[in-house]
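As the structure is a prediction and not an experimental result, all values here were calculated from the model.
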Amino acid sequence: MDLSGKKTIPSMDAWLKEAKAHESAPKIGMYLTHNGVIRSTAKAQVREGKEGLGPVKGMVFGYDEEKVAAVIADGYDLPGIYYIRVWLNEGTLKTGDDLMYVLIGGDIRPHVVDALQHIVGRLKNECVIETELYE
């Protein structure tokens with residue numbers, strides 16, 4: 001946490017430097033990152049085409065640490081995946097704030113792309129609790 005009480009946003013440069021120094025680095029041919037951000041368009045509008053929702057001004061966001069740990073552990077069972085790092089924010093956040101960072105390292109592009117999509121999907125669907133706040 002920083003002095004304002006908010007979680008400190010990680011440095012992707014630092015994460016990549018650590019990943020490339022990790023013992024798994026010689027097996028890795030690609031790293032991919034994901035940075036989820038709160039958007040002003042409601043989730044139901046983007047995903048389901050629902051109309052009549054006002055602009056999103058923020059979100060109450062949290063997560064279940066045990067479920068996140070399980071998703072990460074399961075991620076290492078995916079083909080060719082050797083490095084996973086996840087950071088999730090929490091609290092009352094505003095539009096434009098970071099929700100999550102994910103870094104995946106693996107052997108080849110198809111494995112890493114598939115793993116990133118799989119892990120981010122599981123985090124969003126199984127681990128996080130999010131309530132959009134409308135204007």
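- The minimum heavy-atom distance between L53 and A42, with the atom names listed, is CD1-CB, 3.6 Å.
- In the hydrophobic clustering of ILVMFWY residues, with side-chain heavy atoms under 4.5 Å counting as a link, I119 and Y101 come out apart.
- Expressed to the nearest 0.5 Å, how far OG of S40 lies from CD of E132 amounts to 10.0 Å.
- A pairwise comparison of heavy atoms in V71 and C127 identifies CG2-SG, 3.7 Å as the closest pair.
- The distance from atom OH of Y83 to atom OH of Y76, rounded to the nearest 0.5 Å, is 7.0 Å.
- Across all their heavy atoms, L103 and W15 have their closest contact at CB-CE3, 3.8 Å.
- For the atom pair CG of D97 and CG of N89, the computed distance is 7.0 Å after rounding to the nearest 0.5 Å.
- One hydrophobic cluster, built from ILVMFWY side chains closer than 4.5 Å, holds both V128 and L99.
- Annotation for A25 and K20: closest pair CB-O, 3.3 Å, computed over non-hydrogen atoms.
- One finds the NE2 atom of H118 at 11.0 Å from the CG atom of L116 (value rounded to the nearest 0.5 Å).
- Distance check: L78 CG to I104 CD1 gives 8.0 Å after rounding to the nearest 0.5 Å.
- Every pair passing salt bridge (Lys or Arg N to Asp or Glu O under 4.0 Å) that includes a residue from residues 103-130 is listed here, sequence neighbours excluded: K43-E130, D74-R122, R122-E126, K124-E130.
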Please report, to 0.1 Å, the donor-acceptor pairs under 3.5 Å made by any side chain of residues 56-69, with sequence neighbours excluded.
from	atom 1	to	atom 2	distance (Å)
Y63	OH	K7	NZ	3.1
D64	OD1	E66	N	3.0
D64	OD1	K67	N	3.1

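- Counting all heavy atoms, side chain and backbone alike, G54 lies closest to Y134 at O-CD2, 3.3 Å.
- Residues V120 and I72 fall within the same hydrophobic cluster, defined by Ile, Leu, Val, Met, Phe, Trp and Tyr side chains chained together at heavy-atom separations under 4.5 Å.
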For residues 27-38, tabulate all N or O donor-acceptor pairs below 3.5 Å that involve a side-chain atom, not counting sequence neighbours.
from	atom 1	to	atom 2	distance (Å)
Y31	OH	A19	O	3.3
H34	NE2	G36	N	3.4
N35	ND2	D98	OD1	2.9
N35	ND2	M100	O	3.3

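- Residue I108 is not grouped with residue Y82 when hydrophobic side chains (ILVMFWY) are merged at heavy-atom distances under 4.5 angstrom, including chains of intermediate members.
- Environment of CD in E23: sparse, with no more than 12 heavy atoms of neighbouring residues, nucleotides or ligands closer than 6.0 Å.
- Atom OG of S11 is separated from atom CH2 of W87 by 12.5 Å, given to the nearest 0.5 angstrom.
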